[in-house]
Amino acid sequence: MSEPGRRDGDGTSGSRDGSAIFEQLRERAIALRREGLSRRQIRDRLKVHNNDILNRLLEGEPPPEWTKRPNAKDGLRARAREMRLRGMTYDQIQLELGCSKSSISLWVRDLPKPPPRTREEASAIAKQGWEATLRRREIERQQTKLAAAREIGELTDRELFLVGVGLYWSEGAKSKPYRPQERVTFINSDADMIRLYLAWLGLLRVEPERLQYRVMIHESADTAEAERYWADVVGVQVTDLERTSLKKHNPKTVRKNVGEEYHGCLTVCVRGAADLYRRIEGWWYGIVVGAKSTTSTRCPI
């Protein structure tokens, strides 16, 4: 039966002396808690269905042991309660433990709240949270890349052949109607692209002595270091490189390709390659025709 002056479920409202009734309810709630009743049992016994009021009634009273079901998060719960007692907020606990705020609330809601945090503290917590998010995203990004790399496996000679044709036609020098030239010249700043291109030339049985290497780099960069870098990439001596081509520095240009990771570009030329160029162009057109044929059979336009 409800107490006089209070409707069922309305907490301490509706009373002439709410403070006195609250203290009476708190005494009863604490007594029931110490008898080993759960929050739900106390709620139903006292007919207090407002969670905020129930939290206030039970504030400072630990739950009975039987309500603490053993699970994998028991260790996190204990740490969360310890951190809450040290005055840490839900955001700080979440950042430290990596669990949800809803779980934290269930674990620590009977403990006293910490004082309101300052604007600087809130900003620092938000920054830490964003940094944690960025780290998690980077881990996911690297995991995706690693899984994708494993999907490729070893390349067959035909697969390397087709990849090389596409690589050259996208990055290599091509003959134009306004500038007809049949040369096989490849330039790139990515060392892996250069290695793949050389592997493709090896598959085509292009002799190493037919290759010419030239570094192209801004004059403000470390030219000697760039030459050593590219010589190591292609497996030759620095003295085997052609004379480095320097690009004049323009102080008005805001360049981003600077720093220790900047090595300029490497140009790889194949001497006496007019016939090879014609075949590359033919191979590319063969790939285009084959792709059109495959597309027409799968998805008619």
Ion pair present between Lys101 and Asp91, side-chain N to carboxylate O less than 4.0 angstrom? yes

Pairs under 3.5 angstrom only: tabulate donor-acceptor contacts from the side chains of residues 232-243 to other protein residues two or more places apart or in another chain.
| residue | atom | partner | partner atom | Å |
| --- | --- | --- | --- | --- |
| Asp240 | OD2 | Gln237 | N | 3.1 |

Ignoring hydrogens and geometry, is there a side-chain-to-backbone donor-acceptor pair from Arg26 to Leu57 under 3.5 Å? yes

Would you call Asp222 and Arg228 a salt bridge, taking side-chain N to carboxylate O under 4.0 Å as the test? no

Has Arg56 got its NZ or CZ under 6.0 Å from the middle of the six-membered ring of Phe22, at an angle within 45 degrees of the ring axis? yes

Run the numbers on Ser103 and Ser100 for side chain to side chain donor-acceptor pair (under 3.5 Å), then give the verdict. CA-CA 5 Å; Ser103 295; Ser100 67; 3.1 Å; yes

Has the side chain of Ser170 got a donor or acceptor atom that lies under 3.5 Å from a matching backbone atom of Gly166? yes

Look only at the side chain of Glu23 and the backbone of Ala20, and say whether a donor-acceptor pair between them is shorter than 3.5 Å. no

For Trp107 and Cys99, what are the C-alpha separation, side-chain angles and deciding distance, and is it a side chain to side chain contact (heavy atoms under 4.5 Å, CB included)? CA-CA 11 Å; Trp107 297 336; Cys99 47; 3.8 Å; yes

Among all residues two or more places apart in sequence or in another chain, which pass the salt bridge (charged side-chain N to carboxylate O under 4.0 Å, His left out) test with Lys174? none

Min side-chain heavy-atom separation Leu211-Leu198 under 4.5 Å: yes

So for atom CZ, which belongs to Arg183, do other residues, nucleotides or ligands contribute more than 12 heavy atoms lying within a distance under 6.0 Å? no

Can you see which heavy atom on Ala80 is nearest to which on Ile93, and at what distance? O-CD1, 3.8 Å

Side chains of Arg45 and Leu32, heavy atoms from C-beta outward: is any pair under 4.5 Å? yes

For the hydrophobic clusters of this structure (ILVMFWY residues joined by side-chain heavy atoms under 4.5 Å, transitively), does one cluster hold both Ile194 and Leu167? yes

Any salt bridge linking Arg278 with Glu182? Criterion: basic side-chain nitrogen under 4.0 Å from a carboxylate oxygen. yes

With a 6.0 Å cut-off (strictly less than), is the heavy-atom count around CE of Met216, excluding the residue itself, greater than 12? no

Is a side-chain N or O of Tyr277 found less than 3.5 angstrom from the main chain of Ser175, in a donor-acceptor match? yes

Heavy-atom pair with the smallest gap, counting every atom of Asp190 and Trp230: C-CH2, 4.2 Å

Could you check whether Arg40 pairs with Asp44 (Lys NZ or Arg NE/NH1/NH2 to Asp/Glu carboxylate O, under 4.0 Å)? no

Whether the side chain of Arg271 engages the backbone of Glu209 through a donor-acceptor N/O pair (distance < 3.5 Å, no angle test) should be reported. yes

Looking at Glu61 and Arg34, does any basic side-chain N land under 4.0 Å from a carboxylate oxygen? yes

Check: Glu138/Gln142 side-chain N/O donor and acceptor closer than 3.5 Å: yes

For the residue pair Val268 and Tyr213, establish whether any side-chain heavy-atom pair is separated by less than 4.5 Å. yes

What do the steps show when you test Thr244 against Glu227 for side chain to side chain contact (heavy atoms under 4.5 Å, CB included), and what is the final call? CA-CA 8 Å; Thr244 296; Glu227 291 173 344; 2.5 Å; yes

Beyond-backbone contact of Glu96 with Met83, side-chain heavy atoms, under 4.5 angstrom: yes

Honestly curious: do Tyr229 and Ile187 fall in one hydrophobic cluster under the side-chain, below-4.5 Å linking rule? no

Check whether the side chains of Glu281 and Tyr285 place a donor and an acceptor atom closer than 3.5 Å, and report yes or no. yes

I'd like to know if Arg210 and Glu207 make a salt bridge, using a cut-off of under 4.0 Å between side-chain N and carboxylate O. yes

Can you find a heavy atom in the side chain of Arg39 that is under 4.5 Å from one in the side chain of Ile42? no

Side-chain heavy atoms under 4.5 angstrom apart, residues restricted to Ile, Leu, Val, Met, Phe, Trp, Tyr: same cluster for Ile30 and Leu46? no

Can you check whether Ser189 reaches Tyr262 side chain to side chain, under 4.5 Å on heavy atoms? no

Close side-chain approach of Ile217 to Lys247, heavy-atom, < 4.5 Å: no

Please determine whether a side-chain nitrogen of the Lys or Arg among Arg137 and Glu140 lies less than 4.0 Å from a carboxylate oxygen of the Asp or Glu. no

Taking the inter-plane angle between the rings of Trp283 and Phe161 on a 0 to 90° scale, is it parallel (under 30°), tilted (30 to 60°) or perpendicular (over 60°)? perpendicular

Hey, does the side chain of Glu159 reach the backbone of Thr156 with a donor-acceptor pair shorter than 3.5 angstrom? yes

Could you tell me which non-hydrogen atom of Ile280 sits nearest to which non-hydrogen atom of Val165, and how far apart they are? O-CG1, 4.2 Å

As a test of understanding, state which of Arg33, Arg84, Arg81 forms a salt bridge (Lys or Arg N to Asp or Glu O under 4.0 Å) with Asp110. Arg81

Short question: side chain of Arg109, backbone of Glu59 - any donor-acceptor pair under 3.5 Å? no

Between Trp284 and Tyr168, ring centroids under 6.0 Å: no

Of all heavy-atom pairs between Ile152 and Leu155, which one has the smallest distance, and what is that distance? CG2-CD2, 3.9 Å

If you compare all heavy atoms of Val215 against all heavy atoms of Ala226, which two are closest, and at what distance to 0.1 Å? CG1-CB, 4.3 Å

